Student: 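Here it is, the structure, as structure tokens.
For the single chain, residues carry numbers from 1 onward in sequence order. Since the model is a prediction, treat every value here as computed from it, not as a measurement.
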Amino acid sequence: MRSFALPFAAMSVVMIVGACSADDAMRADPSNARQVASGKAIYDRTCASCHGGNLEGQPEWRSRLPSGRMPAPPHDDAGHTWHHADEILFGLTKFGLTPPYGPPGYQSDMPAFGSTLTDQQIWDALAYIKSRWSSRTREAQAQMQRKRGG
């Protein structure tokens, strides 16, 4: 099932923008020191226990756990987070790996944070993650986003 989750999410960009209903002013800006500082506190409190304090992810994140689920991937340059547009990352964080962010019935340990974090807190956490990427990775993600019209 893993092979379907990410392509399914990538094909759902149009649906995602409507589903997120995030204010256009809210974005993940890794150059905004206030947003990054807020995002670090949020990441440390809600994300680091699975994705690692240094964004390194869980060991052997590409291999299924005994439960059949996938370990938490890294959010640093070594992972695939930067392969996705901000709107997809926002939706995955807010709604979890449920349609349109994953195929129906997909099982994941990634919780939906929409009931515990505000939209702004999600954007702040994403700004922190993006601030930790190399300039090359940030530019590659920005180019992909521009090509998608984001």
Student: Does the side chain of M70 come within less than 4.5 Å of M110's, by heavy atoms?
Tutor: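 Side chain of M110 against side chain of M70, heavy atoms only: no contact under 4.5 Å found.
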Student: Taking only residues two or more places apart in sequence, or in another chain, which ones meet S67 in a side-chain contact (heavy atoms from CB on, under 4.5 Å)?
Tutor: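 Testing S67 for side-chain contact (heavy atoms from CB on, under 4.5 Å), a comparison that skips the adjacent residues, returns L65, R69.
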Student: What are the two closest heavy atoms between W82 and D77, and how far apart are they?
Tutor: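 Here W82 and D77 meet closest at NE1-O, 3.2 Å.
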Student: Just so I know, are the side chains of R45 and Q121 near enough to count as touching, which here means a heavy-atom distance under 4.5 Å?
Tutor: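 In short, these two side chains touch, coming nearer than 4.5 Å.
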Student: For side chain to side chain contact (heavy atoms under 4.5 Å, CB included), just list the numbers for D119 and K94, CA-CA rounded to whole Å, side-chain angles, deciding distance to a tenth of an Å, and then say yes or no.
Tutor: CA-CA 8 Å; D119 287 359; K94 183 169 183 167; 2.7 Å; yes
Student: Provide the closest heavy-atom pair for P111 versus D109 in the form atom of the first, atom of the second, distance.
Tutor: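 So the minimum-distance heavy-atom pair works out to CD-O, 3.1 Å.
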Student: Going by atom type alone, with no hydrogens or angles, which donor-acceptor pairs under 3.5 Å involve a side-chain atom of residues 32-40 and a protein atom two or more places apart or on another chain?
Tutor:
| residue | atom | partner | partner atom | Å |
| --- | --- | --- | --- | --- |
| N32 | OD1 | R34 | N | 3.1 |
| N32 | OD1 | Q35 | N | 2.9 |
| Q35 | OE1 | D29 | N | 2.8 |
| Q35 | NE2 | R27 | O | 2.5 |
| Q35 | NE2 | D124 | OD1 | 3.2 |
| S38 | OG | D124 | OD2 | 2.8 |
| K40 | NZ | D44 | OD2 | 2.7 |

Student: Go through the structure and list residues passing salt bridge (charged side-chain N to carboxylate O under 4.0 Å, His left out) with D86, not counting sequence neighbours.
Tutor: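 Testing D86 for salt bridge (charged side-chain N to carboxylate O under 4.0 Å, His left out), a comparison that skips the adjacent residues, returns K130.
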Student: Throw together a table of side-chain donor-acceptor distances under 3.5 angstrom for residues 48-56, partners on residues two or more places apart or in other chains.
Tutor:
| residue | atom | partner | partner atom | Å |
| --- | --- | --- | --- | --- |
| H51 | ND1 | P73 | O | 2.8 |
| H51 | ND1 | H75 | NE2 | 3.2 |
| E56 | OE1 | N54 | N | 2.8 |

Student: So do the side chains of P71 and E60 get within less than 4.5 Å of each other, counting heavy atoms only?
Tutor: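 Result no, sub-4.5 Å side-chain heavy-atom pair not found.
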Student: Under the rule for ring pair (Phe, Tyr, Trp, His ring centres under 6.0 Å), what residues qualify as partners of Y43, not counting sequence neighbours?
Tutor: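 In terms of ring pair (Phe, Tyr, Trp, His ring centres under 6.0 Å), with neighbours along the sequence ignored, Y43 is linked to Y128.
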Student: Please report the interatomic distance CG(L126) to NE2(H84), rounded to the nearest 0.5 Å.
Tutor: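 The distance works out to 12.0 Å.
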Student: Looking at NZ of K147 and CD of Q145, how far apart are the two atoms once the value is rounded to the nearest 0.5 Å?
Tutor: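 K147 atom NZ to Q145 atom CD measures 13.0 Å (nearest 0.5 Å).
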Student: For the residue pair Y101 and F95, categorise the inter-ring angle as parallel (less than 30°), tilted (30 to 60°) or perpendicular (more than 60°).
Tutor: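 The rings of Y101 and F95 lie parallel, inter-plane angle below 30°.
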Student: Counting C-beta onward and ignoring hydrogens, is there a side-chain heavy-atom pair between P30 and W133 closer than 4.5 Å?
Tutor: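 In short, these two side chains do not touch, never coming nearer than 4.5 Å.
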Student: Mind checking side-chain contact (heavy atoms from CB on, under 4.5 Å) for T46 and listing every partner two or more places apart, or none if nothing turns up?
Tutor: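 Checked T46 against side-chain contact (heavy atoms from CB on, under 4.5 Å); matches are I42, F113, L117.
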Student: How far does CD of E139 sit from OG of S134, to the nearest 0.5 angstrom?
Tutor: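 It comes to 10.5 Å.
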